2 protein chains.
Amino acid sequence: MTESKRRGPRQAEAERNDRALLRAARHVLAADGEHASVAAIAAAAGVGIGSLYRRYRTKEELFQRLAELSLDNWNQAAERGLAEDDPWEGLASFVAACVEFGQGSLAPIAGTIKVTKEMQAKSDRSDELLAALVARAHQARVLRPDVTVVDISLLIEQFGRSPALDQLRKQGREDLVEAAAGAHQRVLTIAVDGLRACHPRPLPGDPPSDRLFTERWAHETGQA
Amino acid sequence: MTESKRRGPRQAEAERNDRALLRAARHVLAADGEHASVAAIAAAAGVGIGSLYRRYRTKEELFQRLAELSLDNWNQAAERGLAEDDPWEGLASFVAACVEFGQGSLAPIAGTIKVTKEMQAKSDRSDELLAALVARAHQARVLRPDVTVVDISLLIEQFGRSPALDQLRKQGREDLVEAAAGAHQRVLTIAVDGLRACHPRPLPGDPPSDRLFTERWAHETGQA
DNA sequence: CTATAACCGGAGTGATTCGCTCCGCAAGTT
DNA sequence: AACTTGCGGAGCGAATCACTCCGGTTATAG
């Protein structure tokens, strides 16, 4: 074999484990918050602690990678949404994709993430993409007129976790996890329908400031 | 004074502290999940650890009291909602009251609560009250026809916590807490509007099973 | 088959945090 | 002043944390 990919006998298993780790980290982070332990993450992924530490030198490094993946997922979902013809469906599918990924699971560790220049660029791009999605929906008059970009972000964060799902998963009730996921989808559908332009009454209070997001992330710019 | 109430020189301070403790416990539980420490709760309430343990013999006893308060609040809110003339306003105000109380903050400790006969009675009553609220809204044709009692419960649980609010509170950014609370209200208004009967399309998936709730609470019946 | 390289799992380690106790002190009452 | 009641937090053993280290296992090469 002259392939440049395979570098070891158990490379395939290693890649599977890596994916399982990142997925498990989201779930455990959602269930346990910022105190989520590496032991719990490794156990949820079905791998040993040693395997986790071979890939990520520290817990922070794993979380950093998770934050990067989350931003990538956000941007990809937004691009797919903009590629759709229907402005409403584009926005709705974007919200659904972010929720399904579990975008809200990293809220508890937001303050511990180092914002590198690379991350900052991705974050800026995510702001632009969401603004474009919202503007397009407003122009098509399918989105409630006083809904802002921040409202959408908060809605995604609010639904980015499911307390019922988290707890059932931790209890090991895998039989109910699917039902809980379906129920979560239902409630999300209800909330998204509340964004439609058919509701005449204005939203209460002032439009929310984006400081509700910017102030929650660390701003020390390390190196990429 | 022949009053039977005052039993000591600092009784008033003690009552204030007790209220502050219960309030702080909800906030810390929301922010830290099931691993919330008594030290964090006492600090958030502005009292010493000793004062906490004089009122509650163990951490579990405090959580137990919190669960009882939560059920009481639920039932009182439901009764107020039924007392309103407008079926829609009655349901909406019930949901808002439960969300504001932070009903969702005890989801992480649901599995650790002992269900006494007293609690079970209150829980049964809460089921009846919510069913009545929902049935009345359905009969008035103001509630989306395929919305069930479980959907409403999940919506309340979903909004019973605000990740942004929790994190800002933990960071001590009291200046932004008010703004975050207002923003949370906005998003809740959006979601509740999604419950209105004006949405013709059916909800996805099967109606959710109430096992999503019953299976998450411990069932060992201790004594009241 | 054997040898070897790559990767695995988890027991062990020092440091930290946990729930909880105990006690000296402050604040009211008489 | 004497006394009662509640206060705060230092300190304790136990539990848990992030992380290291190494003997075992699996897949390929010869």
Side-chain angles (χ1 to χ4, degrees), chain A residues 1-25 28-29 31-66 108-109 111-114 170, chain B residues 1-25 28-29 31-66 108-109 111-114 170:
Chain A
M1 289 285 196
T2 57
E3 283 183 15
S4 60
K5 270 184 136 182
R6 303 257 162 174
R7 294 176 327 212
R10 304 179 68 174
Q11 181 82 4
E13 187 180 4
E15 286 177 12
R16 262 187 294 113
N17 281 349
D18 190 29
R19 269 190 293 272
L21 273 174
L22 290 165
R23 178 182 187 77
V28 175
L29 217 42
D32 289 349
E34 70 174 329
H35 305 303
S37 71
V38 289
I41 293 173
V47 308
I49 300 177
S51 301
L52 192 159
Y53 274 97
R54 198 170 313 103
R55 241 161 297 282
Y56 304 96
R57 283 177 300 184
T58 66
K59 187 187 184 184
E60 275 72 33
E61 198 171 303
L62 170 63
F63 286 171
Q64 195 79 23
R65 174 94 181 107
L66 213 55
I109 57 164
T112 74
I113 303 291
K114 278 192 186 174
K170 196 190 304 194
Chain B
M1 290 284 198
T2 57
E3 284 182 15
S4 59
K5 271 183 135 181
R6 304 256 162 176
R7 294 177 327 211
R10 302 179 70 175
Q11 182 81 4
E13 186 180 5
E15 285 177 13
R16 262 187 294 113
N17 281 349
D18 190 29
R19 270 191 293 272
L21 273 174
L22 290 166
R23 178 182 188 78
V28 174
L29 217 43
D32 290 348
E34 69 175 329
H35 305 302
S37 70
V38 289
I41 293 173
V47 308
I49 301 177
S51 300
L52 192 159
Y53 274 97
R54 198 168 314 100
R55 240 161 298 281
Y56 304 97
R57 282 177 300 185
T58 66
K59 188 187 184 183
E60 275 71 34
E61 197 171 304
L62 170 61
F63 286 171
Q64 195 79 24
R65 174 93 182 108
L66 213 53
I109 57 165
T112 73
I113 302 292
K114 278 192 188 173
K170 197 192 303 195

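Atoms considered below: every heavy atom in the structure, side chains included; atoms not considered: hydrogens, waters and symmetry mates. Throughout, a chain's letter reflects where its sequence line sits, starting with A, and its residues are numbered from 1. Only a predicted model underlies this, so the values are computations on that prediction, with no experimental measurement involved.
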For this session: Determine, for nucleotides 14-20 of chain C in 5'-to-3' order, which nucleotides have protein heavy atoms under 4.0 Å from the base (write B), from only the sugar-phosphate (write S), or from neither (write -).
Result: ----SSB

Seminar exercise, completed: A correct 5'-to-3' footprint of nucleotides 22-27 of chain D, with B, S and - meaning base, sugar-phosphate only and no protein heavy atom under 4.0 Å, is ---BBB

With rounding to the nearest 0.5 Å, note down the distance linking [atom1] in [X] to [atom2] in [Y].
X	Y	atom1	atom2	answer
B:Lys114	B:Phe63	NZ	CZ	15.0 Å
A:Leu52	A:Ile41	CG	CD1	6.5 Å
B:Arg16	B:Gln11	CZ	CD	11.5 Å
A:Ile49	A:Arg54	CD1	CZ	12.0 Å
B:Lys59	B:Thr112	NZ	OG1	8.5 Å

For this session: Would you indicate what B:Arg55 reaches in the nucleic acid, counting non-hydrogen atoms under 4.0 angstrom: base, sugar-phosphate, or nothing?
Result: sugar-phosphate

Length of the line joining [X]:[atom1] and [N]:[atom2], which is rounded to integer Å:
X	N	atom1	atom2	value
A:Gln11	C:dA5	CD	P	17 Å
A:Arg16	C:dG9	CZ	P	10 Å
A:Glu15	C:dC7	CD	P	10 Å

Problem set entry | side-chain contact (heavy atoms from CB on, under 4.5 Å) against A:Arg65, all qualifying residues, sequence neighbours excluded | A:Leu22, A:Tyr56, A:Glu68, A:Leu69

Problem set entry | Sequence-distant partners of A:Ala43, side-chain contact (heavy atoms from CB on, under 4.5 Å), two or more places apart | none

Seminar exercise, completed: Heavy atoms of B:Val28 and B:Ala44 approach each other most closely as CG2-CB, 3.7 Å

Exercise. Considering all heavy atoms of both residues, which atom of B:Ile109 and which atom of B:Glu34 are nearest to each other, and what is their separation?
Worked result: CG2-CA, 4.2 Å

For this session: Using the test side chain to side chain donor-acceptor pair (under 3.5 Å), find all partners of B:Gln64 that sit at least two apart in sequence or belong to another chain.
Result: none

Exercise. Can a side chain N or O of A:Ser51 be found less than 4.0 Å away from OP1 or OP2 on C:dC7?
Worked result: no

Exercise. Hey, is the side chain of A:Asn17 poking within less than 4.0 Å of OP1 or OP2 on C:dC8, counting only N and O atoms?
Worked result: yes

For this session: Would you check if the side chain of A:Lys170 reaches a backbone N or O of A:Asp32 as a donor-acceptor pair within less than 3.5 Å?
Result: no

Seminar exercise, completed: The bend of the helix from C:dC1-D:dG30 to C:dT30-D:dA1, taken between the axes of its five terminal pairs at each end and rounded to 10°, is 10°

